[in-house]
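Note sheet for the following structure.
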Amino acid sequence: MCGRYSLVCDAGHLQAYYDLANTGVFAGPRFNIAPTQQVPAIVAVNGERHLELFHWGLIPSWADDSKLGYSTINARAETVGEKPAFRAAFRHRRCLIPADGFYEWQGEKGHKHPWRIEPDNRDEFFSFAGLWAAWESGADVIRSCTIIAGPANLLVQPISDRMPVMVPREAWALWLDPDTGMEALQPLLKPPPAEGMRAYRVGEHVNNPNHDDPACLFPA
DNA sequence: CCAGACGTTGTT
DNA sequence: GTCTGG
DNA sequence: CCAGACGTTGTT
DNA sequence: GTCTGG
């Protein structure tokens with residue numbers, strides 16, 4: 001599962017790495033991004049890549065209550081094409097959620113410890129496979145998103161059974177194209193290679209979602 | 001037919 | 001919106 | 001994901 | 001225990 005991540009970078013780096021047409025919505029380095037917050041995601045607009053903000057926790061267009069978003073921060077890779085809450089978004093509204101690390105908690109309730117997983121190379125990003133939706137609330141439109149999660153790779157396995165699905169650079173265009181068919185998408189939903197990423201235990205500081213500072217990165 | 005759910009992880 | 005349960 | 005609240009009436 | 005908020 002993926003319930004917390006970071007984006008500790010400047011807008012220029014993001015723009016160059018993803019060839020973005022805009023980065024205006026990026027509000028600066030984030031060490032501890034939590035569900036229900038506005039998160040930057042990349043979508044295809046008229047052949048360009050745009051960075052836009054979405055409420056983390058997908059609210060389908062038909063929801064009669066935004067509360068559904070509390071339990072849709074992740075979508076299971078195994079069923080995302082079938083579940084009513086995700087199916088339409090999986091077919092037509094995919095996005096990439098850039099991250100430079102994410103957190104997983106190891107152990108059982110009562111004695112859990114946070115770990116950080118990040119790219120080996122400081123210049124790399126993880127590109128989480130995401131979905132988005134638009135939900136109308138009176139005159140307002142809430143745009144929301146979710147991160148697809150699947151089985152963990154060998155690096156993450158000792159920490160957690162699940163981890164975010166990631167889209168490799170060569171598949172970005174396919175993933176973001178609203179017209180891509182399901183049969184081409186399904187093969188992308190596999191665990192990311194363990195090569196190129198590392199994990200280390202961090203302090204409990206990151207547990208509190210109000211802590212959004214460099215101490216979240218400190219080894220325990 | 002209408003009513004009600006639509007989700008995840010982890011633990012039991 | 002669309003599916004399941006009654 | 002974790003942290004923190006979880007309730008009422010009436011008064012400031 | 002369960003829901004809401006971040």
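Values in this document were obtained by computation on a predicted structure and should not be read as measured data. By convention in this document, chain letters (A, B, ...) are assigned in the order of the sequence lines, proteins followed by strands, and residues within each chain are numbered from 1.
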Quick one about A:His205 and A:Asp213 (side-chain donor to acceptor, distance below 3.5 Å, no hydrogens or angles considered), yes or no? yes
Pairs under 3.5 Å (Watson-Crick or G-U), crossing ones as [ ], inter-strand ones as |: DNA chain B comes out as ||||||......
How far, in whole Å, is E:dC3 from D:dG7 if one measures between their C1' atoms? 15 Å
Distances under 3.5 Å between nitrogen or oxygen atoms of protein and nucleotides 1-5 of chain E:
| residue | atom | partner | partner atom | Å |
| --- | --- | --- | --- | --- |
| E:dT4 | OP1 | A:Lys67 | NZ | 3.0 |
| E:dG5 | OP2 | A:Tyr70 | OH | 2.7 |

Test of understanding: with side chain to side chain contact (heavy atoms under 4.5 Å, CB included), list the residues that count as partners of A:Ala21, not counting sequence neighbours. A:Glu48, A:His50
Acceptor/donor pairs from residues 137-145 of chain A side chains to any protein atom, 3.5 angstrom cut, sequence neighbours excluded:
| residue | atom | partner | partner atom | Å |
| --- | --- | --- | --- | --- |
| A:Arg143 | NH2 | A:Glu52 | OE1 | 2.2 |
| A:Ser144 | OG | A:Ile59 | N | 2.8 |

Is A:Leu58 touching bases, backbone alone, or none of the nucleic acid, heavy atoms closer than 4.0 Å? nothing
Indicate, with a heavy-atom threshold strictly under 4.0 Å, whether A:Phe86 touches base, sugar-phosphate, or nothing. sugar-phosphate
For A:Phe126 and A:Pro119 the tightest heavy-atom approach is CZ-N, 3.4 Å
Answer with base, sugar-phosphate or nothing: what part of the nucleic acid does A:Ser61 contact at a heavy-atom distance below 4.0 Å? nothing
Pick the C1' atom in B:dA3 and in D:dC6, then give their distance to the nearest Å. 30 Å
Are A:Glu78 and A:Arg162 within salt-bridge range, i.e. N to O under 4.0 Å? yes
In terms of relative ring orientation, are A:Trp172 and A:Tyr17 parallel, tilted or perpendicular, with 30° and 60° separating the classes? tilted
Got a sec? Which of residues 126-153 of chain A come in under 4.0 Å of DNA chain B, heavy atoms? none
So, are A:Glu118 and A:Arg198 salt-bridged, with charged N and O less than 4.0 Å apart? yes
Could you tell me from which nucleotide to which nucleotide of DNA chain B, 5' to 3', there is an atom under 4.0 Å from chain A heavy atoms? B:dC6 to B:dT11
